[in-house]
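Notes for the one structure printed next.
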Amino acid sequence: MFRKIAVGISGGVDSAVAAYLLKNQGFNVIGAFMKNWDQVDEMGHCPGEADWEDAQWVCNKLDIPLVQVNFVKEYWNDVFSCFLKDYESGITPNPDILCNRYVKFDGFYDYAVQQLKVDAICTGHYARSSFGPFLEHFSDTADVRLLTAVDPIKDQTFFLSQMPQLALRRTMFPLGELLKKDVKKIAAEAGMDRISRKKESTGICFVGKRNFNEFIREYIEDRPGNFIDFDTGQILGCHKGLHYWTVGQRLRLAGCPKPMFVHSKNTADNSIIVTAGSDHPALFTDILYTSTPCWIASNPLDNGMLRCQFRFQHGDELVDCVLVQTGSNGLLVKLDQALRALTPGQYAVFYKDGECLGSSRITNPGPSLYFCRN
């Protein structure tokens with residue numbers, strides 16, 4: 001049923017091995033390199049050029065065709081513009097989740113099906129599908145479910161937590177059953193040492209190797225404000241703008257004997273509330289509120305409630321929780337244990353029995369332990 005497959009080739013080892021595994025399974029594989037960002041760094045180099053060269057090398061090695069697809073406009077409109085708007089509003093966004101939702105599994109999926117005329121797409125994400133790594137259990141009638149990868153460290157379902165059901169139904173994840181070390185071993189045995197030894201990219205793709213503060217000031221104008229002590233209300237110093245800081249971040253202020261940490265940001269007067277010490281009870285809460293959730297399959301709530309697990313940062317341990325639907329179609333999330341620095345703009349991602357159910361954007365943390373104790 002599925003013969004012609006478009007593989008998103010990034011120039012890294014994961015997508016290279018995904019393409020290699022598909023070809024060994026007898027699929028007709030087409031490589032597709034997504035160009036999402038076209039601006040040069042401070043040295044005048046475009047970081048994507050090296051990745052494009054590596055993608056070409058991989059496809060030549062595997063003897064498969066390669067096309068370059070330009071999604072710069074889509075990335076700017078659906079990801080980067082939202083990223084800037086959030087930072088201007090004092091919110092800390094997660095562009096990787098938006099990129100997967102709107103660019104890779106919307107724009108790229110549509111392009112692959114409509115223009116390349118493929119039966120399905122494939123990526124090098126560490127995730128699994130209930131339809132199987134090669135869609136061998138595909139069903140026209142059942143919802144497909146997003147399952148966590150065998151490698152718990154590399155699992156990337158967090159970043160796929162808003163993946164559309166339509167694209168997930170026809171997406172292959174060949175690496176979901178493998179450990180990272182095995183992927184590198186396969187690459188080496190296939191003669192792709194050049195790629196297996198390549199340093200993995202980390203951080204926000206469009207920032208690259210630049211200091212984040214230097215990058216963000218190119219797009220958002222500084223708006224100075226005050227650092228205010230949570231406990232005393234005293235002004236402790238000045239900052240250049242809300243967009244330089246995020247909840248839980250450490251800072252040192254003159255005259256403060258202990259390191260201070262960002263508790264919250266007030267857009268009304270452009271102030272940043274800070275606490276003394278990383279374990280201040282004001283930084284912890286076991287309640288949060290979210291916007292309307294995006295469920296990958298059908299809505300899992302039973303009578304508006306669900307007991308499941310939660311994380312809001314990739315790689316964090318899962319925390320048991322209860323979800324309650326609110327009147328605004330958002331969620332109230334009650335955690336079994338308090339967590340530090342729950343950040344508006346980040347995503348609450350929900351899991352149950354090894355399945356990523358979906359996610360919802362955090363709009364507001366609930367009362368902190370400070371108020372509960374006082």
Side-chain angles (χ1 to χ4, degrees), residues 78-79 82-102 156-163 204 230 242-249 261-268 272-275 278 280-296 299-301 304-352 356-372:
D78 295 328
V79 181
C82 296
F83 171 87
L84 293 181
K85 183 179 179 181
D86 283 345
Y87 266 108
E88 286 180 316
S89 303
I91 297 172
T92 304
N94 190 318
D96 292 324
I97 289 179
L98 293 181
C99 179
N100 282 319
R101 177 176 180 174
Y102 293 112
Q156 292 173 299
T157 53
F158 181 92
F159 301 113
L160 302 173
S161 61
Q162 298 225 334
M163 189 172 178
I204 303 174
F230 176 89
L242 299 180
H243 52 285
Y244 292 119
W245 303 93
T246 190
V247 174
Q249 186 174 350
F261 293 82
V262 175
H263 168 270
S264 58
K265 295 184 280 188
N266 188 340
T267 55
I272 295 178
I273 313 304
V274 298
T275 64
S278 64
H280 192 291
L283 294 172
F284 293 80
T285 184
D286 59 359
I287 294 176
L288 64 138
Y289 298 89
T290 78
S291 61
T292 302
C294 174
W295 301 119
I296 293 173
N299 187 332
L301 271 62
M305 298 183 67
L306 178 70
R307 185 153 185 85
C308 60
Q309 293 177 302
F310 160 95
R311 68 162 53 108
F312 82 105
Q313 289 184 333
H314 171 62
D316 280 2
E317 292 292 328
L318 290 171
V319 174
D320 291 333
C321 69
V322 174
L323 310 184
V324 180
Q325 185 171 315
T326 64
S328 59
N329 292 321
L331 296 173
L332 182 155
V333 183
K334 176 63 173 69
L335 305 172
D336 281 13
Q337 67 183 68
L339 295 179
R340 181 183 181 276
L342 292 172
T343 308
Q346 293 289 289
Y347 285 85
V349 183
F350 307 112
Y351 293 83
K352 188 175 179 65
C356 179
L357 302 173
S359 63
S360 186
R361 206 167 191 220
I362 298 173
T363 55
N364 185 35
S368 69
L369 296 188
Y370 176 89
F371 293 106
C372 296

From [X] atom [atom1] to [Y] atom [atom2], the distance as rounded to the nearest 0.5 Å:
X      : Y      : atom1 : atom2 : result
Cys321 : Lys352 : SG    : NZ    : 9.5 Å
Ser359 : Ile97  : OG    : CD1   : 5.0 Å
Thr290 : Leu331 : OG1   : CG    : 4.0 Å
Ile273 : Phe230 : CD1   : CZ    : 9.0 Å
Leu357 : Cys294 : CG    : SG    : 11.5 Å
Phe83  : Ile91  : CZ    : CD1   : 12.5 Å

With sequence neighbours left out, the residues meeting side chain to side chain donor-acceptor pair (under 3.5 Å) with Thr285 are none

Sequence neighbours excluded, the answer for side chain to side chain donor-acceptor pair (under 3.5 Å) partners of Thr157 is Asp155, Tyr351

For [X], give me all partners under side chain to side chain contact (heavy atoms under 4.5 Å, CB included), at least two apart in sequence or on another chain.
X      : result
Thr267 : Leu242
Val247 : Ala341, Thr343, Pro344
Gln249 : Trp245, Thr246, Val262
Glu88  : Ile220

Using modelled atom types and a 3.5 Å cut-off, is there a donor and acceptor pairing between side-chain atoms of [X] and backbone atoms of [Y]?
X      : Y      : value
Lys265 : Gly90  : yes
Gln346 : Thr92  : yes
Ser291 : Ser360 : no
Asn299 : Trp295 : no

Please list, chain by chain and in numerical order, all residues satisfying salt bridge (charged side-chain N to carboxylate O under 4.0 Å, His left out) with [X], sequence neighbours excluded.
X      : answer
Asp78  : none
Arg361 : Asp86
Lys85  : none

*Looking at the rings of His280 and Phe261, which for Trp means the six-membered one, are their centres under 6.0 Å apart?*
no

**Asked** Does the side-chain contact (heavy atoms from CB on, under 4.5 Å) test come out yes or no for Val322 and Leu306, once each step is laid out?
**Response** CA-CA 6 Å; Val322 174; Leu306 178 70; over 6 Å; no

So ring pair (Phe, Tyr, Trp, His ring centres under 6.0 Å) across residues 313-346, not counting sequence neighbours, yields Phe159-His314

Notebook entry, point to check: Run the side-chain contact (heavy atoms from CB on, under 4.5 Å) check on Cys356 and Ile296 step by step: do they pass?
Noted result: CA-CA 8 Å; Cys356 179; Ile296 293 173; 4.1 Å; yes

In short, Tyr87 meets Pro93 closest at the heavy-atom pair CE1-CD, 3.3 Å

In short, Ala348 meets Ile362 closest at the heavy-atom pair N-CG1, 4.0 Å

**Item:** Criterion side-chain contact (heavy atoms from CB on, under 4.5 Å) on Leu283 and Thr275, from CA distance to verdict
**Value:** CA-CA 8 Å; Leu283 294 172; Thr275 64; 3.6 Å; yes

Can you tell if the side chain of [X] reaches within under 4.5 Å of the side chain of [Y], non-hydrogen atoms only?
X      : Y      : result
Leu288 : Thr363 : no
Phe310 : Val349 : no
Leu342 : Phe284 : no

Salt bridge (Lys or Arg N to Asp or Glu O under 4.0 Å) pairs touching residues 318-341, sequence neighbours excluded, are Asp286-Lys334, Arg307-Asp336

Chi angles and distances behind the side-chain contact (heavy atoms from CB on, under 4.5 Å) call for Leu301, Met305
CA-CA 5 Å; Leu301 271 62; Met305 298 183 67; 5.9 Å; no

Sequence neighbours excluded, the answer for ring pair (Phe, Tyr, Trp, His ring centres under 6.0 Å) partners of Tyr347 is none

